[in-house]
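Chain A is the first sequence line, chain B the second, and so forth, proteins listed ahead of strands; every chain is numbered from 1.
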Amino acid sequence: MIDLRSLREDPETAREAQRRRNASPALVDDILAADESRRSAIASFERLRAEQKSLGKQVAAASGPEERQALLDKTREVAAQVKTFEARQTAAEAEFSRLVAQLPNLASLEAPAGGEDDFVVLEHIGTPRDFAAEGFEPLDHIELGKRLGAIDIERGAKVSGARFYYLVGVGAELELALVAMAMDQAREDGFVPMLPPALVKPRAMEGTGFLGQAAADVFHLPDDDFYLVGTSEVALAAYHADEILDADSLPRRYVAFSPCYRREAGSYGKDTRGIFRVHWFDKVEMFTYTTVEASYDEHRRLLGWEKEWFAKLELPYRVIDTAAGDLGLSAVRKFDCEAWIPTQGKYRELTSTSNCTDFQARRLNIRGRFADGVRPVATLNGTLMASARTIVALLENHQQADGSVRVPKALQPYLHGRSVLEPVDTPL
RNA sequence: GGAGGAUUCGCAUAGUGGCCUAGUGCGCACGCUUGGAAAGCGUGUUGGGUGCAAGCCCACGCGGGUUCGAAUCCCGCAUCCUCCGCCA
């Protein structure tokens, strides 16, 4: 949720932010109206409640039975009214919360206005290989995965259905190597390593903004009311819920490895081949708690660490500034790093970093104790390594004419010094 | 899964219907004292809502209920601890 005071004082900024997201500015006015009736309900209730309390004290101090009885009669009446107005206040607050939960964070003025296709390319780094000049047709990751004995999609479908896979042999080793390398990088940069739960309660999901429009994309276990996280961001943000962090302890940086589960409800027919879009993958995620003021620089820093990662993997990629309409509910701005996928002839998202300012922190009640008082902190997240897609990009970009795959130098120590992954005798 | 116990201010605790406007100790901050420190003494020390403000209201794990009045009584739930059972 966003800061109410600023919403009241300057509703036009919020309306404009809604327009930039292609969302309804009327929601802002509905919220302000609900806030109005909520506050008047609070005032009425509190006035009655104060009267009730003072009468209650007079009852205790009453001098005789008649005086006492008279006070009791009067008080009974007030007590009934208090109950009525309390219900009215509860209802007004519920309506207010319902509306305010729908309002996304105010998109940054620097984020391009518009929808999914209105992103701005910030830079290109590296050059896609010219396979024609090298004299061979690149194979896709499905074929490469089979030949290396690394990715078993057929059996994934047999056991778990569409959008599931097994990483086998060198494929499994490759993921573990990538995870170890990513965790090492982040740890060296000062992140505290974490292994968080992948099942969370509704509060954590709601607080990170995944139960609004994004709810259809989330797996839910109704018998136990658990959600499967789509990213460890959820567990990392909720980690400090209801806490007041010392200003000295900021920024706090965590890096988590966890499985990620996504229903991919809105993407039927998209990326149906291979393991580019799957119901489960593993991810190494960076997460920062800091101040709102420091969040903008921190966002650039997270992007910098992602770029460092791409450089180590020697992948050609571009960085885009996501348009306001394509931001998640919580984010004010988002940068994606998109790797070149040779057989698709396109750049595709591998990592993503969002600045959520104090939006998630307000919902999860995470504050900092500063010299001038207690205020919500800012939260930011950034992917370091999303396993399935990273493997796709690595195999396709570093494949060689004989069907083997070159291992980038930085990754070699994590694969016991291997510099090439060779096809196996019996492909999958 | 079963049986008991617990949950109060950063920590430890007191509190069994109105004297709780939640006390005390520790810790922390500031001051006095001192050559400096410790000790001692004194003062302060949760958060939220609402209001221009004074103030008022809320919160004793969470949600209901009883009552004129609930930290206190009743019901439900959650979490933690102990024991039993099962288990990677």
Can you tell me the distance, in whole Å, between the [atom1] atom of [X] and the [atom2] atom of [N]?
X       : N       : atom1 : atom2 : answer
D242(A) : rC62(B) : CG    : C1'   : 12 Å
K53(A)  : rC20(B) : NZ    : C1'   : 11 Å
R369(A) : rG48(B) : CZ    : C1'   : 13 Å
I244(A) : rC9(B)  : CD1   : P     : 13 Å
E9(A)   : rG51(B) : CD    : P     : 12 Å
K201(A) : rU79(B) : NZ    : P     : 6 Å
Q89(A)  : rC57(B) : CD    : P     : 13 Å
F85(A)  : rC58(B) : CZ    : P     : 16 Å

Determine which pairs satisfy salt bridge (Lys or Arg N to Asp or Glu O under 4.0 Å) with at least one residue from residues 79-97 of chain A, sequence neighbours left out, and list them in order.
E95(A)-R98(A)
How far does the [atom1] atom of [N] sit from the matching atom of [M], given to the nearest Å?
N       : M       : atom1 : value
rC26(B) : rC84(B) : C1'   : 38 Å
rA14(B) : rU82(B) : C1'   : 25 Å
rA70(B) : rG64(B) : P     : 14 Å
rU7(B)  : rU13(B) : P     : 9 Å
rG4(B)  : rU72(B) : P     : 22 Å
rG10(B) : rG36(B) : P     : 35 Å
rC75(B) : rU24(B) : C1'   : 33 Å
rG63(B) : rA53(B) : C1'   : 36 Å

Answer with base, sugar-phosphate or nothing: what part of the nucleic acid does R47(A) contact at a heavy-atom distance below 4.0 Å?
nothing
How would you label the contact of R362(A) with the nucleic acid (heavy atoms, under 4.0 Å): base, sugar-phosphate, or nothing?
nothing
Watson-Crick or G-U wobble partner of [N], both distances under 3.5 Å:
N       : result
rC83(B) : rG2(B)
rA88(B) : none
rG61(B) : rC77(B)
rU50(B) : rG55(B)
rA12(B) : rU24(B)
rC30(B) : rG42(B)

Under the side-chain hydrogen bond (donor to acceptor under 3.5 Å, both in side chains) definition, can you give me all pairs with a residue in residues 414-428 of chain A, not counting sequence neighbours?
E173(A)-R418(A), D184(A)-Y414(A)
By side-chain contact (heavy atoms from CB on, under 4.5 Å), K201(A) pairs with (sequence neighbours left out) F226(A)
Which nucleotide in rG47(B), rC58(B), rU50(B) has an atom nearest any side-chain atom of V374(A)
rG47(B)
Using salt bridge (Lys or Arg N to Asp or Glu O under 4.0 Å) as the criterion, list what pairs up with [X], not counting sequence neighbours.
X       : value
E264(A) : R277(A)
E36(A)  : R39(A)
R300(A) : none

Going by heavy atoms closer than 4.0 Å, what residues in residues 27-44 of chain A are next to RNA chain B?
R38(A), R39(A), I42(A)
Please find the pair of heavy atoms, one from S37(A) and one from A92(A), that lie closest to each other, and give the distance.
O-CB, 4.2 Å
Looking at F370(A), is R375(A) sitting on its ring face, NZ or CZ under 6.0 Å from the six-membered ring centre and within 45 degrees of the normal?
yes
Answer yes or no: is there a donor N or O on one side and an acceptor on the other, between the side chain of H141(A) and the main chain of I275(A), under 3.5 Å?
yes
Side chain D246(A), main chain S249(A), donor-acceptor under 3.5 Å
no
Contacts under 3.5 Å, N or O only, protein and nucleotides 64-73 of chain B:
from    : atom 1 : to     : atom 2 : distance (Å)
rU66(B) : OP2    : K83(A) : NZ     : 3.3
rC68(B) : OP1    : R76(A) : NH1    : 2.2
rG69(B) : OP1    : Q52(A) : NE2    : 3.3

Can you tell me which residue pairs pass the ring-ring contact (aromatic ring centres under 6.0 Å, His included) test with a partner in residues 167-216 of chain A, sequence neighbours excluded?
F191(A)-W305(A)
RNA chain B: 5'-proximal contact among E51(A) and R5(A) (nearest heavy atom)
R5(A)
